[in-house]
Amino acid sequence: MGLVRVSTAELNGTSPDASDQGSLNEKIKLDLRQGKFPAEQNNESNHDPPKSHLQLSFKNQPHASRIIAFEIVISRAMLDLNSLNAAQRAAAEHTEGPSMVIAGAGSGKTRVLTYRIAHLIEKGVDPFQILSLTFTNKAAKEMKARIAVLLGNADVRNIWMGTFHSIFARILRIEASKINYPSNFSIYDSTDSKSLIRSIVKEMNFDDKIYKPSAVASRISSAKNNLISPRAYRENPEIMGEDAMSGKPKLVDVYAMYNQRLFQSSAMDFDDLLYKTNVLLRDFPEVLVKYQHKFRYILVDEYQDTNFSQYLIVKKLAALNENLCVVGDDAQSIYGFRGANIQNILNFKKDYPDYSLFKLEQNYRSTKNIVEAANSIISKNKDQIKKNVWTANEEGNKLKVNRSLSDNDEGLFVANDIFKEIGISGASNKSFAILYRTNSQSRAMEEALRKINIPYRIYGGTSFYQRKEIKDLLAYFRLAANPKDEESLKRVINYPARGIGKTTLEKVTILASERGVSYWETITTYLPQLEVNAGAKLKLQDFTTMVRSHGAQIDSAEAFTLAEDIAKSSGLLRELYADKSPEGLSRFENVQELLNGIKEFTDKGPEAEEGKKPNLSDFLIDVALLTDADQTDDDDNKVGLMTIHASKGLEFPFVYIVGLEENLFPSQLSLGERSELEEERRLFYVALTRAEKKATLTYAISRYRYGQLNQSEPSRFIDEIDPEYLDLPSSVRQPYQEKESSFGGTPWGRNSRPAYQAPQRNSPPESAAPPANMKRVSQVALAGSGGSTGILPGMQVAHEKFGKGKVLNIEGEAPNEKATVFFPSVGQKQLLLKYAKLDVLEN
DNA sequence: TTAGTTCGGGTTTTT
DNA sequence: CCCGAACTAA
């Protein structure tokens with residue numbers, strides 16, 4: 001993504017509603033104390049900082065903490081900072097002025113944060129004046145609970161603690177009218193955003209193969225995260241050049257239209273929650289001042305994962321009191337792909353020259369072997385703050401490395417290993433975690449665990465709230481709160497079927513865009529002008545009447561009562577109940593579960609805690625911003641399955657990192673640039689440092705992808721760990737010996753490849769052609785492996801559907817070889833060999 | 001207009 | 001392989 005830099009000019013165009021460029025310039029030059037962001041600052045922090053900054057910034061500090069005796073604190077009611085080590089304590093006690101805490105993995109970061117906040121409150125700071133930004137809502141919840149324990153129950157619920165998105169969504173709701181939004185605006189999730197982009201691309205008659213919604217969406221998201229308005233975007237030759245280069249010169253028009261449609265729909269996407277907060281704080285000094293006074297103490301956790309937009313919000317809010325404490329670890333920055341900017345850590349020093357720096361380097365979590373192995377791999381990164389993470393814990397086991405023949409074998413190995421470990425050490429299920437790079441890898445693990453009856457739980461994945469039936473019901477809720485919500489309207493206007501079909505909707509789309517109004521206004525105010533037959537109009541009226549009746553109750557009715565009413569009166573519940581298939585049953589149950597969730601929220605959600613009566617809009621904000629890690633009920637004793645991203649901040653005695661293969665982890669998409677490869681390496685570092693006692697690394701030499709078996713080779717990350725800490729399987733150093741000879745005995749083990757050849761595709765040499773005795777699976781495997789398929793012109797082949805045929809020609813480079821094949825049954829076909837399942841019949 | 005079916009495209013990671 | 005989108009038959 002080329003949108004990482006922001007220049008002054010771009011920031012000047014920050015507001016989409018900005019009236020006048022000149023006056024904005026003036027505003028930005030105002031005193032920093034007023035929360036303005038000095039222009040030169042902006043340049044400095046974002047234009048190619050010299051790389052040397054990355055290394056020299058911090059001197060090593062001696063391990064003072066080693067000499068501090070460890071005390072166990074039993075007292076509950078009194079806060080006792082003696083239970084912290086010297087560095088932790090210093091960080092917790094330093095309450096006034098800017099400070100940064102660089103916290104190595106497992107160094108008790110959360111502890112410092114909780115003690116710090118508890119300490120503040122004990123000193124007499126009103127919880128209302130503390131803003132604490134966390135990475136997940138769950139982290140916030142847990143931290144509040146811990147603070148409550150430390151303080152013996154002060155009013156911790158009054159602390160503003162939560163994710164950036166949820167905190168600022170709350171603030172935006174309060175201040176919405178200032179930026180011309182209603183307070184019940186909708187929040188579009190990424191699916192909604194993409195769907196809206198898809199419609200716009202279609203309406204503009206652009207080719208959606210070129211303007212792919214996901215690509216366009218990520219481009220727009222990058223722009224927003226860097227506070228680049230459509231206008232600034234258009235005026236930036238560099239960005240426009242990139243779009244032109246990629247064949248999407250009109251992308252900016254989609255961006256502009258997208259924003260317009262969001263506005264018409266009274267909706268904000270995730271990025272808008274931060275963007276609009278910036279607009280609010282920039283254009284309404286009185287609002288800024290209000291929150292500057294309110295939030296006298298600001299803490300930011302996981303600071304390494306903040307993006308420019310978040311950085312600027314924090315900077316503005318903290319400008320008055322400068323009681324800002326940021327906590328992070330550059331080595332654990334893994335969200336670069338969504339705009340997170342490590343530079344925020346590195347620039348802290350420039351923004352607050354008199355800041356205090358604390359480094360937490362003692363790891364309390366893991367064994368020496370794990371810590372050292374993690375250190376050895378992260379040292380391969382160039383971009384990092386030098387620090388020395390160490391532990392006084394026991395040596396522990398070396399990291400076990402396992403090789404499997406396939407992804408399914410890998411699953412079986414992991415499941416069996418867990419089973420064995422439970423047998424030996426009596427560990428509980430929940431002390432195990434299986435971490436993977438992509439969600440799709442969970443499947444083999446699940447199957448294997450199920451086979452031997454080990455209970456497991458998946459974190460994230462296709463989250464509950466992404467399911468169709470749930471999104472449908474939520475769309476009705478959203479519509480009740482905000483009928484202008486276009487995406488929700490489109491989703492449910494004809495579900496359950498009520499005779500409002502494609503033709504009608506097309507007419508609505510056209511009229512809406514002619515008038516420049518929302519769909520809702522089109523089917524209410526402009527209904528008479530809509531050129532559809534009387535029957536359709538009647539149906540539309542019925543629909544709007546229903547939505548209105550839901551909407552009428554939104555503020556008065558209790559969330560649960562209304563939710564249930566909507567589920568019934570919309571016909572959705574009936575529709576789902578009618579479906580007696582197993583899937584239908586589960587959909588019905590899911591909806592019930594959602595309703596239960598609302599019940600729970602009504603009884604003990606944040607609003608209920610504050611003594612207010614929670615309504616459905618409150619629930620919607622809450623639910624829109626839930627993270628995958630926020631799922632509740634984690635007391636149950638189950639093995640955890642999750643992506644590494646989702647594992648951030650968690651810890652487990654036994655950790656399995658699976659799928660350590662080139663092109664999977666590191667992902668092939670990251671191989672292009674060093675910075676991206678380094679992010680993958682940090683991701684691996686995060687994975688490894690989740691482990692307390694034992695870490696097991698596994699890879700498979702073949703794996704299903706797109707339903708086809710592919711060859712794979714071990715990840716470079718295994719190579720990069722100092723072998724001193726590894727317990728390698730005997731055959732790893734020379735893979736594909738005896739046992740695997742049936743795969744062709746290829747010499748392309750990973751040791752034949754120089755360790756750092758990032759951009760190179762890992763393809764087996766041509767000699768990897770299958771031996772004659774090869775079974776079909778292996779044939780298919782090679783076909784998809786990215787290497788030569790062994791299929792040559794003249795060969796007789798068989799295709800699953802087309803039957804026998806003759807290869808006429810092969811063109812293109814592996815892995816995108818295209819074959820022209822003549823099938824007597826269907827004629828000549830062009831087939832991509834990596835997808836087509838071709839069997840060689842004879843040479 | 002709807003339901004049922006084929007087709008085609010896609011894989012990081014997530015607020 | 002699995003999803004959603006487009007196509008097609010009623």
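Residue numbering restarts at 1 for every chain, and letters A, B, ... go by the order of the sequence lines.
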Checking [X] now: which residues fulfil salt bridge (charged side-chain N to carboxylate O under 4.0 Å, His left out) with it, not counting sequence neighbours?
X: A:R198; value: none
X: A:E469; value: none
X: A:R338; value: none

What is the distance, to the nearest angstrom, from the [atom1] atom on [X] to the [atom2] atom on [N]?
X: A:R338; N: B:dT13; atom1: CZ; atom2: P; answer: 13 Å
X: A:N225; N: B:dT13; atom1: CG; atom2: C1'; answer: 15 Å
X: A:R705; N: C:dC1; atom1: CZ; atom2: C1'; answer: 13 Å
X: A:E575; N: B:dT2; atom1: CD; atom2: P; answer: 11 Å
X: A:K194; N: C:dC3; atom1: NZ; atom2: C1'; answer: 12 Å
X: A:F337; N: B:dT14; atom1: CZ; atom2: C1'; answer: 5 Å

| said: Can you tell me which nucleotide in B:dT14, C:dC2, B:dT15 comes closest to the side chain of A:S190? | reply: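 Of B:dT14, C:dC2, B:dT15, B:dT15 is nearest to the side chain of A:S190.
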| field | Closest listed nucleotide, where the reference is the side chain of A:T643 and the choices are B:dT15, B:dT14, C:dC2 | value |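 When the side chain of A:T643 is considered, B:dT14 is the closest of B:dT15, B:dT14, C:dC2.
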Listed by chain and number, what are the side chain to side chain donor-acceptor pair (under 3.5 Å) partners of [X], not counting sequence neighbours?
X: A:D305; value: A:K648
X: A:Y255; value: none
X: A:S214; value: none
X: A:S132; value: none

| request: Would you please say whether a donor-acceptor pair under 3.5 Å links the side chains of A:E410 and A:T698? | output: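 Their side chains do contain a donor-acceptor pair, which is all the 3.5 Å distance test asks for.
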Listing time: all N or O pairs from protein to nucleotides 8-10 of chain C that are below 3.5 Å?
none

Interface polar pairs with nucleotides 4-6 of chain C, N/O, under 3.5 angstrom:
| from | atom 1 | to | atom 2 | distance (Å) |
| --- | --- | --- | --- | --- |
| C:dA5 | OP1 | A:R198 | NH1 | 3.2 |

